[in-house]
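Labels below follow one simple rule: chain letters A, B, ... track the order of the sequence lines, proteins then strands, and each chain is numbered from 1.
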2 protein chains.
Amino acid sequence: MDGHSGEKLLFLTDDQLRKGIEAMFFAYRGFTSDPDRILDKHGYGRAHHRALHFINRSPGTTVNNLLAILGVTKQSLNRVLRTLVEDGLVDSRVGTRDKRERHLFLTAKGSGLERKLADAQQARMRAAFRAAGPEAVAGFRKVLEAMMEPEILHHFQRLKE
Amino acid sequence: MDGHSGEKLLFLTDDQLRKGIEAMFFAYRGFTSDPDRILDKHGYGRAHHRALHFINRSPGTTVNNLLAILGVTKQSLNRVLRTLVEDGLVDSRVGTRDKRERHLFLTAKGSGLERKLADAQQARMRAAFRAAGPEAVAGFRKVLEAMMEPEILHHFQRLKE
DNA sequence: GATTTTACGTCAGCCTTGTTGACTTTCCAA
DNA sequence: TTGGAAAGTCAACAAGGCTGACGTAAAATC
């Protein structure tokens with residue numbers, strides 16, 4: 001397309017890029033498949049998984065916080081959150097300082113499901129990491145970070161702390 | 001969880017795995033964001049993008065072939081394919097050898113949209129690859145392949161040829 | 001030649017999860 | 001103290017998954 005722009009960029013052919021794109025597509029399917037099976041049994045979907053994950057990650061986080069990370073509308077998140085609260089997986093406490101806010105926590109039951117989902121997803125990730133080796137893992141992370149939207153990358157890196 | 005199983009596996013802590021999982025989630029959002037914007041303008045969704053991509057990839061492929069790669073039901077794929085044919089982006093030709101089959105091709109119009117979508121997605125992938133460097137790219141690919149379902153990996157590797 | 005299997009299309013209906021729009025409650029600042 | 005902004009909720013719609021049932025034509029098998 002733009003020819004060879006010199007340097008050691010020979011690996012950036014259309015073909016290499018297309019393979020990268022397809023790899024991303026297929027790998028993501030594998031990535032979600034194990035949790036999906038578990039969620040199915042419980043009558044939940046991926047949206048519930050994401051909520052459980054990030055509430056577990058940052059207990060006491062607010063709905064607004066979660067919205068920024070998940071990148072969906074508050075109405076969409078609210079539906080999911082409502083079922084999780086009704087089913088006793090999530091506890092939603094009115095803020096003490098600001099009563100408009102709701103602080104979210106996992107209940108014991110919620111923690112249990114989150115753990116099951118995380119275990120399944122981590123098992124696949126662990127197997128992939130082991131098979132690929134430490135250097136590949138570092139490269140994997142590097143490319144993924146470079147692919148994120150800048151604002152999201154910021155969230156991602158803050159979550160590291 | 002399982003303690004230290006020796007070797008050079010120190011990098012496989014729960015924390016490292018969780019970061020890998022989150023990186024995958026956030027990066028996939030970036031990965032789809034540019035095509036999504038283009039699709040929106042044309043009134044299409046990701047399902048249409050996937051169909052266009054793989055028909056472009058393997059011109060003349062059959063519906064059944066596509067089903068295996070996309071991993072959806074024929075009813076689901078058919079809905080998408082029908083609109084693409086109606087809108088003149090895809091040409092569906094009855095097989096000559098086996099008249100039960102339909103062979104799928106992009107029209108000039110379909111090729112045009114596919115090109116726009118691919119350009120946008122490749123631009124981000126190219127930028128990420130450049131920023132991360134060749135070794136990181138190799139690692140990225142290695143981990144992604146290790147994360148795919150075996151049967152899908154088979155498809156992926158066949159597509160390489 | 002009759003039967004079964006395969007490839008594809010379609011109708012109907014359901015579910016999840018995204019969207020926008022309209023609405024409360026609460027807080028804060030003019 | 002009042003008016004606007006912010007946090008969250010409710011309602012309704014659309015995209016795109018899914019299952020199940022059915023039809024047709026062509027191919028394969030018996």
Give one of base, sugar-phosphate or nothing for A:Arg46, where a contact means two heavy atoms less than 4.0 Å apart. sugar-phosphate

Would you mind classifying the nucleic acid contact of B:Gly71 as base, sugar-phosphate or nothing, using non-hydrogen atoms under 4.0 angstrom? sugar-phosphate

Between atom CG in A:Asp36 and atom P in D:dG16, what is the gap in whole Å? 18 Å

How long is the span from the CG atom in B:Leu113 to the CG atom in B:Leu84, to the nearest 0.5 Å? 8.5 Å

Base C:dT6 paired with B:Arg100 side chain (donor-acceptor, <3.5 Å): yes

Distance check needed: C:dT17 P versus A:Tyr44 OH, whole Å only. 11 Å

Sugar-phosphate, base or nothing in reach of B:His103, heavy atoms under 4.0 Å: nothing

Starting the side chain at C-beta, find the nucleotide from D:dG8, C:dT17, C:dT10 nearest to B:Asn78. C:dT10

Under 6.0 Å between ring centres, would you say that holds for A:Phe140 and A:Phe129? yes

Verify the contact: side-chain N or O of A:Ser76 to OP1 or OP2 of C:dT17, cut-off strictly under 4.0 Å; return yes or no. no

So which one's nearest nucleotide on DNA chain C is more toward 5', A:Gln75 or A:Val72? A:Val72

For the side chain of B:Ala47, counting heavy atoms from C-beta on, which of D:dG16, C:dG18, D:dG8 is nearest? D:dG16

How close or far is atom P of C:dT16 from atom NE2 of A:His42, stated in whole angstroms? 15 Å

Residue-phosphate contact under 4.0 Å: A:Arg97 side-chain N/O, C:dC28 OP1/OP2: no

Measure distances between side-chain N and O atoms of A:Arg79 and base N and O atoms of C:dG18, and say whether any donor-acceptor pair falls under 3.5 Å. yes

Per nearest nucleotide of DNA chain C, the residue lying toward the 5' end, B:Leu67 or A:Leu77, is B:Leu67

B:Glu151 CD: over 12 foreign heavy atoms closer than 6.0 Å: no

Pair A:His103-A:Ser92, side-chain donor/acceptor within less than 3.5 Å: no

Rounded to whole Å, how long is the line connecting atom CD of B:Glu101 with atom C1' of D:dA28? 14 Å

Name the nucleic acid region contacted by A:Lys74, choosing base, sugar-phosphate or nothing; use a 4.0 angstrom heavy-atom cut-off, strictly under. base

OP1 or OP2 of C:dG18 versus the side-chain N and O atoms of A:Arg50: is any pair under 4.0 Å? yes

We want to know whether A:Asp36 and A:Ser33 form a side-chain donor-acceptor pair, criterion being a heavy-atom distance below 3.5 angstrom. no

Using a 4.0 Å heavy-atom cut-off, does A:Arg82 contact any base of the nucleic acid, only the sugar-phosphate backbone, or nothing at all? sugar-phosphate

Given D:dA6, is OP1 or OP2 found less than 4.0 Å from the side-chain N or O atoms of A:Asn64? no

Can you tell me if A:His48 touches the phosphate of C:dT17, counting only side-chain N or O atoms and a distance under 4.0 Å to OP1 or OP2? yes

